[in-house]
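Step one of this worksheet: look at the structure below.
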Amino acid sequence: MATVKLKKESWWTRRMRKAGAYGPLDRALRQWRSLGSVRTNTGVPPNGDRMVYRMNNTTLEIGQGVSTFKGMVGLAAFVFLLCTLSGTYLIVSTLSAHEWEVDHFGVAFSVIGSLFCIPMGIWFLSIFLTDFFGYTDALLRFDRTRRKVWMFVGTRTPIELDWDRLTPVSQGVTPANTNVNTFRAVLLVDLDEQGEVRFDGNLPRIASLGQISLNEQYALGQYEYVRQFMETGPASLPRCETYLEHRTGLRDLLSFFDLLDIPRRFDWHDPQMKGFGLLLLVTLACTAMAPMIMLFSIASWIAYRCNRVPTWPAQIEACAAEGGVMRPPADAHSQRQPIVWKEVPFILLWTGSALAFYTWVASWFLK
């Protein structure tokens, strides 16, 4: 495949880009730190755990971490959508009331309120539909033979990147309500001659690797896994513990965002009871927060069931076929795990706490 040529942007567009997302100020807020070139070793052991979907001798397919909050964002958007619809209804009903018909201030207030609520409602609706009826993940495909990277972007043509011209950067985002926890990720960025981020239409030519993490070494390990695949091939890569799948199972619904893994790994036959303190803390926390966690777990499970699995164009599939059949990493197990007996008491305790709260709330409303 030929190198991708982008349309030259106008002076005004370039100025707006600098002042907007991924401009100099935005990059400073995101704490971008260059990692050199894609040929530079970071010195961190490669780690592809919970990042890889499929691979063969020439092609690697991973996720961009879009599935991290799948369902939760859509549920929050649905709640805000109901609030905006209720607000619009109240404003319209107030506007039609007799006492407001002769009050010019009231009429102006109602019109302005409606003009605010309607666009916000449309925005929340789009977020809800995208999260629940979009795609399971934003996939990335790395072709080491052609030195290409393809970004899946929904119904439009995938964005094609040249591996050798990408700049890896470490990104750190600190939430506004804290100055302690910083979420880390590694991005592959396509920069122009002035060091600015290139755009493909309205989409930045930036690929995010794997899940975000509070541990920068973990994020660098995910990047190093991809980098070594592109530079030396799959033979030099370590074994992955877990590979990703596009559909979830029953345990994912009841795992309380993988906190069920803690009692699963706990050894009850250990005389020293190592990790019992963490197990007790997680048990108490999940029992107390079960109503909220269970609600988001259900939303996430429904979203995964309703989302579509990404499908690559035939040309990209043909490129991958040259390296053999695309399969999960060798000796790795699926993220969809069966329920084991020692998890059952914790599942019953946590789900029982959530159901008891839901029953109490329902009885309160019925009264």
Side-chain angles (χ1 to χ4, degrees), residues 1 3-9 13-40 42 51-53 60-70 73 130 134-143 146-174 182-213 216 218-227 229-230 310 312 316:
M1 293 185 178
T3 301
V4 177
K5 294 182 179 180
L6 300 177
K7 182 180 178 181
K8 186 177 181 180
E9 295 179 335
T13 302
R14 293 197 302 271
R15 296 297 298 179
M16 293 300 293
R17 297 280 195 219
K18 288 184 178 181
Y22 302 108
L25 178 59
D26 188 52
R27 296 202 297 269
L29 293 174
R30 294 173 185 267
Q31 306 171 38
W32 277 18
R33 177 173 63 86
S34 176
L35 299 176
S37 73
V38 291
R39 298 184 183 276
T40 304
T42 61
M51 180 180 69
V52 181
Y53 281 95
L60 173 68
E61 182 177 279
I62 70 171
Q64 293 194 68
V66 176
S67 59
T68 305
F69 303 104
K70 179 70 67 178
V73 176
T130 301
Y135 291 90
T136 53
D137 205 342
L139 298 181
L140 291 174
R141 272 203 178 179
F142 297 84
D143 189 323
R146 295 168 177 80
R147 312 288 288 177
K148 296 291 184 182
V149 182
W150 288 288
M151 297 171 52
F152 185 87
V153 287
T155 56
R156 60 160 287 176
T157 303
I159 295 177
E160 181 180 308
L161 306 172
D162 294 325
W163 170 258
D164 294 312
R165 67 176 298 166
L166 294 177
T167 301
V169 298
S170 173
Q171 174 177 271
V173 178
T174 304
T182 300
F183 293 95
R184 301 287 182 177
V186 173
L187 311 178
L188 297 176
V189 187
D190 188 6
L191 301 175
D192 60 17
E193 293 75 10
Q194 289 76 39
E196 300 297 332
V197 177
R198 294 177 183 269
F199 279 74
D200 196 324
N202 294 323
L203 299 176
R205 294 172 63 81
I206 297 176
S208 178
L209 304 181
Q211 308 282 350
I212 61 174
S213 173
E216 186 177 21
Y218 181 83
L220 292 175
Q222 292 182 120
Y223 162 65
E224 192 61 32
Y225 188 93
V226 174
R227 195 196 69 80
F229 174 85
M230 291 294 287
W312 294 98
I316 297 178

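This one's a predicted model, so the numbers in the text were calculated from it and none came from an experiment. Just so you know, residue 1 is the first one in the sequence shown, and it goes up from there.
- With sequence neighbours excluded, no residue forms a ring pair (Phe, Tyr, Trp, His ring centres under 6.0 Å) with Tyr218.
- Between Arg39 and Asp164 there is a salt bridge, since a side-chain N of the basic residue sits under 4.0 Å from a carboxylate O of the acidic one.
- Looking at every heavy atom in both residues, Leu191 comes nearest to Arg198 through O-NE, 3.3 Å.
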Requested in this report: With side-chain contact (heavy atoms from CB on, under 4.5 Å) as the test, would you mind laying out the steps for Thr40 and Leu35 before giving the verdict?
Outcome: CA-CA 8 Å; Thr40 304; Leu35 299 176; over 6 Å; no
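- Salt bridge Glu216/Arg33: present, at least one basic N to carboxylate O contact under 4.0 Å.
- Here the closest heavy-atom approach between residue Val197 and residue Pro204 is recorded as CG1-CB, 4.2 Å.
- In terms of heavy-atom proximity, Pro310 sits nearest to Thr136 at CD-OG1, 3.3 Å.
- When ring centroids are compared, Tyr135 and Phe152 come within the 6.0 Å threshold.
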Query raised in the report: Does the pair Leu209 and Tyr225 meet the rule for a side-chain contact (heavy atoms from CB on, under 4.5 Å), with working shown?
Result: CA-CA 10 Å; Leu209 304 181; Tyr225 188 93; over 6 Å; no
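- Separating the CG atom in Leu60 from the CE atom in Met51 is a distance of 6.5 Å, to the nearest 0.5 Å.
- Nearest heavy atoms, Trp312 versus Leu139: CZ2-CB, 3.6 Å.
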Query - From CA spacing to verdict: side-chain contact (heavy atoms from CB on, under 4.5 Å), Met151, Asp200 - result: CA-CA 11 Å; Met151 297 171 52; Asp200 196 324; over 6 Å; no
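- Put simply, CG on Leu161 and CG on Leu188 are 8.0 Å apart, with the number rounded to the nearest 0.5 Å.
- Looking at Gln64, its side chain does come within 3.5 Å of a backbone N or O of Ser208 through a donor-acceptor pair.
- Within the 3.5 Å criterion, the main-chain N or O of Asp192 finds no donor-acceptor partner in the side chain of Arg165.
- The main-chain N or O of Glu160 is found under 3.5 Å from a side-chain atom of Arg205 such that the two form a donor-acceptor pair.
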Query raised in the report: Does the side-chain contact (heavy atoms from CB on, under 4.5 Å) test come out yes or no for Arg227 and Val186, once each step is laid out?
Result: CA-CA 11 Å; Arg227 195 196 69 80; Val186 173; over 6 Å; no
